[in-house]
2 protein chains.
Amino acid sequence: MVEVFQKYLADKMPLSDADWAVIERVCIIKKLRKNQYLLQEGDVWRYHAFVCKGCLRRYSIDAKGIEHILQFSCENWWTGDRDSLMNKTPSKYNIDAIEDSSVLVIRNEDFEMLCQQLPAFNNLINQILFRSLNASQERINSTISLTAEEKYLHFINTFPLLANRVPRHMIASYLGITPETLSRIKGNLSKNKQ
Amino acid sequence: MVEVFQKYLADKMPLSDADWAVIERVCIIKKLRKNQYLLQEGDVWRYHAFVCKGCLRRYSIDAKGIEHILQFSCENWWTGDRDSLMNKTPSKYNIDAIEDSSVLVIRNEDFEMLCQQLPAFNNLINQILFRSLNASQERINSTISLTAEEKYLHFINTFPLLANRVPRHMIASYLGITPETLSRIKGNLSKNKQ
DNA sequence: AAAGATCCTTGACAAATATCAAGGGAATTC
DNA sequence: GAATTCCCTTGATATTTGTCAAGGATCTTT
């Protein structure tokens, strides 16, 4: 499974055998069954996590017990809770597997060592941070400016494979609408397409 | 005006006279009048911008001509468009001043030089990035999980000074609701407080 | 000081979305 | 294979929010 990570890195940065040896040494593979937690609310998160296979979701549970999905992560995406990681505070989020998954995790101290020893790795991580931030800002923009229907269309255009892979009620949660509303939107779109 | 930036840096990292001399050399101060643009949609953004005095907002305009405010930035906050900056693409956003303001900008190539020459500066910038990302994620979470009233309460609790400083219709835009809805929410909250 | 522009609130009505309930089909578990 | 669970859709109704219009207060410009 670590080969997935190796290929991912090699696609994005120069990766010598020596570099890979340093990285491989600190990689830990976790296999998760469907519905199994990677992180539970209240725990302190201590890793950087890369999805080798499968799909995860990060969500919060509000005072009424309703789940709100903040993020999906499938192959080649990163997941975790940087706030808990950096501040060493209990996380407000849960991360669990939507299907059986394999996740590669690296402890934060090992990760920082990699960033110091391997400038190309550090640059890659900085780029990923930038892209994460930009994606977050773009998502805020679409969340405050689009109707529910526009949000759904934006989602299926942006993540077509994901849209066919996760349950509709989870997509609804991610979009901040109810499953019934999403069902009606899909019905309306089908009607108009004919 | 650059002293504001100097004090901000000194509060957050060790800052020798030599360090400050290197930084001061690449600082540019821009004075903006109320409503004057720092960035206009379609332009390519080329700076990192720090607000020394005043208040700015970053917003998009949708297909119907409606403004959606993504972010406010007042004293000691950073602003800009990293997507446009990094990809050298035309920005989808506008940034303008809500009141007369002074903004310190640094060209990206100078900024990168500072990050390379001054490790403490680089660390500070990384921390700021982390905090920006965490704040964005937290905002997405609250945007998909809270009612309009809860959003407003969250906003005035999180940014009490800002809430008294920017027009209500801009707060409504930032929260993704209409000014009329915000007015009714405020009225309801006043009624319930009695 | 007056005129004009902007901000904000309120009323009436419309539209979008949520809530609740029910039921059918598919997937999962035993 | 049967029972159970989960997923999804649909109908009816309630609630929240948006739209449009109007008017008063405040701020800005002349």
Side-chain angles (χ1 to χ4, degrees), chain A residues 33-36 54-55 57 59 62-69 72 96-100 142-156 162-194, chain B residues 33-36 54-55 57 59 62-69 72 96-100 142-156 162-194:
Chain A
R33 294 178 166 283
K34 180 176 177 179
N35 296 325
Q36 183 179 349
C55 188
R57 63 175 180 150
Y59 62 100
D62 70 18
K64 300 180 191 100
I66 299 172
E67 297 179 353
H68 302 281
I69 294 174
F72 295 107
D96 67 12
I98 291 174
E99 59 195 56
D100 289 357
S142 59
T143 300
I144 64 174
S145 61
L146 300 180
T147 65
E149 177 172 293
E150 288 167 337
K151 286 173 190 169
Y152 176 61
L153 287 171
H154 189 267
F155 179 83
I156 62 181
L162 196 62
N164 283 327
R165 194 170 169 185
V166 303
R168 297 285 186 278
H169 67 93
M170 290 190 182
I171 296 176
S173 171
Y174 175 89
L175 299 177
I177 62 177
T178 63
E180 294 93 331
T181 293
L182 180 55
S183 204
R184 296 190 221 280
I185 286 171
K186 283 182 66 254
N188 287 343
L189 290 170
S190 292
K191 231 188 305 172
N192 291 346
K193 194 177 292 182
Q194 286 154 5
Chain B
R33 295 179 165 279
K34 180 177 179 180
N35 296 326
Q36 184 179 348
C55 188
R57 63 177 179 148
Y59 63 99
D62 71 17
K64 301 182 190 96
I66 299 173
E67 298 179 356
H68 301 282
I69 294 174
F72 294 107
D96 67 11
I98 291 175
E99 59 195 57
D100 289 356
S142 59
T143 300
I144 64 173
S145 61
L146 299 180
T147 64
E149 177 171 294
E150 288 167 338
K151 287 174 190 167
Y152 177 60
L153 287 170
H154 189 266
F155 179 82
I156 60 182
L162 196 61
N164 284 326
R165 193 171 172 184
V166 303
R168 298 284 188 277
H169 68 91
M170 291 192 182
I171 296 177
S173 170
Y174 175 89
L175 297 177
I177 62 178
T178 62
E180 292 93 333
T181 295
L182 181 54
S183 206
R184 293 188 222 281
I185 287 171
K186 283 181 67 255
N188 287 345
L189 290 169
S190 291
K191 234 191 299 174
N192 292 346
K193 192 177 295 182
Q194 286 155 4

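Numbers restart at 1 for each chain; the letters A, B, ... are given by sequence-line order, proteins then strands.
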Enumerate the protein-to-nucleotides 5-9 of chain C contacts in which both atoms are nitrogen or oxygen and the separation is below 3.5 Å.
unit_1	atom_1	unit_2	atom_2	d
dC7(C)	OP1	His169(B)	NE2	3.3
dC8(C)	OP1	Arg168(B)	N	3.1
dC8(C)	OP2	Arg168(B)	N	2.9
dC8(C)	OP2	His169(B)	N	3.2
dT9(C)	OP1	Lys186(B)	NZ	2.8
dT9(C)	OP2	Ser183(B)	OG	2.5
dT9(C)	O5'	Ser183(B)	OG	2.7

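- With sequence neighbours excluded, no residue forms a ring pair (Phe, Tyr, Trp, His ring centres under 6.0 Å) with Tyr59(B).
- Between the CG atom of Asn188(B) and the C1' atom of dG11(C) there is a distance of 14 Å, rounded to whole Å.
- Judged as a side-chain hydrogen bond (donor to acceptor under 3.5 Å, both in side chains), and not counting sequence neighbours, Ser142(B) has no contacts.
- To the nearest angstrom, P of dT15(D) lies 21 Å from CD1 of Ile177(A).
- Rounded to whole Å, atom C1' of dT17(C) lies 14 Å from atom CG of Leu175(A).
- Every residue two or more places apart in sequence or in another chain was checked for a side-chain hydrogen bond (donor to acceptor under 3.5 Å, both in side chains) with His169(B), and none qualifies.
- As a whole-Å value, the separation of Glu149(A) CD from dA18(C) C1' is 17 Å.
- Distance check: Thr147(B) OG1 to Tyr152(B) OH gives 13.5 Å after rounding to the nearest 0.5 Å.
- Overall, the helix from dA1(C)-dT30(D) to dC30(C)-dG1(D) carries an axis bend of 60° between its ends, with five pairs at each end and the value rounded to 10°.
- Separating the CG atom of Asp100(B) from the C1' atom of dC27(D) is a distance of 15 Å, rounded to the nearest angstrom.
- Proximity note for Thr178(B) (side chain, C-beta onward) versus dT17(D), dA18(C), dG18(D): the nearest is dG18(D).
- In this structure, Ile185(A) places its CD1 atom 15 Å from P of dC8(D), rounding to the nearest Å.
- Remark: Arg165(B) engages Cys55(B), Cys74(B), Glu75(B), Glu99(B) in a side-chain contact (heavy atoms from CB on, under 4.5 Å) (not counting sequence neighbours).
- From Asp62(B), atom CG reaches atom CD1 of Ile144(A) across 10.5 Å, with rounding to the nearest 0.5 Å.
- Partners of Ser145(B) under the side-chain hydrogen bond (donor to acceptor under 3.5 Å, both in side chains) rule, at least two apart in sequence or in another chain, do not exist in this structure.
- The side-chain hydrogen bond (donor to acceptor under 3.5 Å, both in side chains) check on Glu149(B) picks up nothing, with sequence neighbours excluded.
- In this structure, the NZ atom of Lys64(A) is 11 Å from the P atom of dC20(C), given to the nearest Å.
- Atom P of nucleotide dT17(D) and atom NZ of Lys151(B) are separated by 8 Å, given to the nearest angstrom.
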Sequence neighbours left out, cut at 3.5 Å: what donor-acceptor pairs do the side chains of residues 175-182 of chain B make with other protein atoms?
unit_1	atom_1	unit_2	atom_2	d
Thr178(B)	OG1	Thr181(B)	N	3.3
Thr178(B)	OG1	Thr181(B)	OG1	3.0

